Amino acid sequence: MSMDLEKLHDMLRKTQEPKGYFFSKDKSRVMELLEGLVKNKERYGYMACPCRLASGNREKDRDILCPCIYREPDVAEFGSCYCNLYVSKDWNEGKIPEVYVPERRPVEKMF
Amino acid sequence: MKDGMDKAPEVILYSLSTCGHCKSTKRLLGACSVEYRFTDVDLLDQEERVLILEELRALNPRCSFPTIVINDKVIVGYREEEIREALGL
């Protein structure tokens with residue numbers, strides 16, 4: 001399991017860093033979240049955001065497939081995605097204050 | 001504890017089993033030796049989910065996790081300072 005998580009970590013890092021999205025420097029938090037992603041993949045068949053309640057319907061959860069569609073505006077505005085999984089370089093370097101990222105997903109999506 | 005908080009606070013947590021902020025909240029409450037009730041909503045069956053989401057929506061219209069209720073105060077998200085303050089710590 002931990003081996004798989006390391007692999008997932010390295011694979012995602014390689015694809016996301018060139019796009020300007022970095023894993024948080026808090027590696028234990030990152031691994032915890034990746035574990036959640038793997039868990040959701042096992043449960044639902046897709047990697048739904050671990051910080052949101054997935055419905056089990058992939059179409060319905062399209063917006064919260066990690067990386068979610070809210071990552072871009074959240075990292076642009078706050079320097080971090082909702083989960084603190086993906087952050088900007090500035091966030092990791094402590095150049096911007098670490099604020100708690102509020103939920104951007106419209107609640108209607110859950111019902 | 002602050003004056004007037006002679007009774008242990010009632011703490012209820014709405015959480016997800018996979019969520020990092022929820023885990024941080026549980027760790028904080030554990031580290032503060034606070035007794036609390038929690039529900040990992042993602043682990044409930046559909047029927048139970050509907051009921052608890054209705055309850056949660058009344059407390060936090062965004063239905064996001066974690067939502068922490070300390071006595072009558074509702075805290076949305078892992079906001080350590082606010083949680084400590086509401087606990088009187």
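By convention in this document, chain letters (A, B, ...) are assigned in the order of the sequence lines, proteins followed by strands, and residues within each chain are numbered from 1. All values reported here derive from a predicted model rather than from experimental measurement.
Although no hydrogens or angles enter the test, the distance criterion places no donor-acceptor pair under 3.5 Å between the side chain of A:Tyr44 and the main chain of A:Lys39. Here the side chain of B:Thr39 pairs no donor or acceptor atom with the backbone of B:Val41 at under 3.5 angstrom. Counting only distance, with no hydrogens or angles, the side chain of B:Asp45 and the backbone of B:Glu48 share a donor-acceptor pair below 3.5 Å. Put simply, the side chain of A:Asn57 gets close to the backbone of A:Glu59: a donor and an acceptor are under 3.5 Å apart.
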Give the C-alpha distance, both sets of side-chain angles, the deciding distance and a yes or no for side chain to side chain donor-acceptor pair (under 3.5 Å) between A:Tyr21 and A:Glu72. CA-CA 9 Å; A:Tyr21 297 105; A:Glu72 190 183 332; 4.7 Å; no

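Residue with the most contacts toward chain A among B:Cys19, B:Cys22, B:Ser15, B:Ser17: B:Cys19 (heavy-atom pairs, distance under 4.5 Å).
A 4.5 Å side-chain heavy-atom check between B:Thr67 and B:Ile75 finds every atom pair outside the cut-off.
A distance below 6.0 Å separates the ring centres of A:Phe23 and A:His9.
How far NZ of A:Lys41 is from OH of A:Tyr46: 11.0 Å, rounded to the nearest 0.5 Å.
We find that A:Asp74 and A:Arg105 are not joined by a salt bridge, their nearest charged nitrogen and carboxylate oxygen being 4.0 Å or further apart. Checked for salt-bridge contact, B:Glu10 and B:Arg37 meet the test: a charged N lies under 4.0 Å from a carboxylate O.
Within residues 82-95 of chain A, the residues that have a heavy atom under 4.5 Å from a heavy atom of chain B are A:Tyr82, A:Cys83, A:Asn84, listed by number. Of residues 60-71 of chain A, not one residue has a non-hydrogen atom less than 4.5 Å from any non-hydrogen atom of chain B.
Contact of A:Arg43 with chain B is made through the side chain alone, with heavy-atom distances under 4.5 Å.
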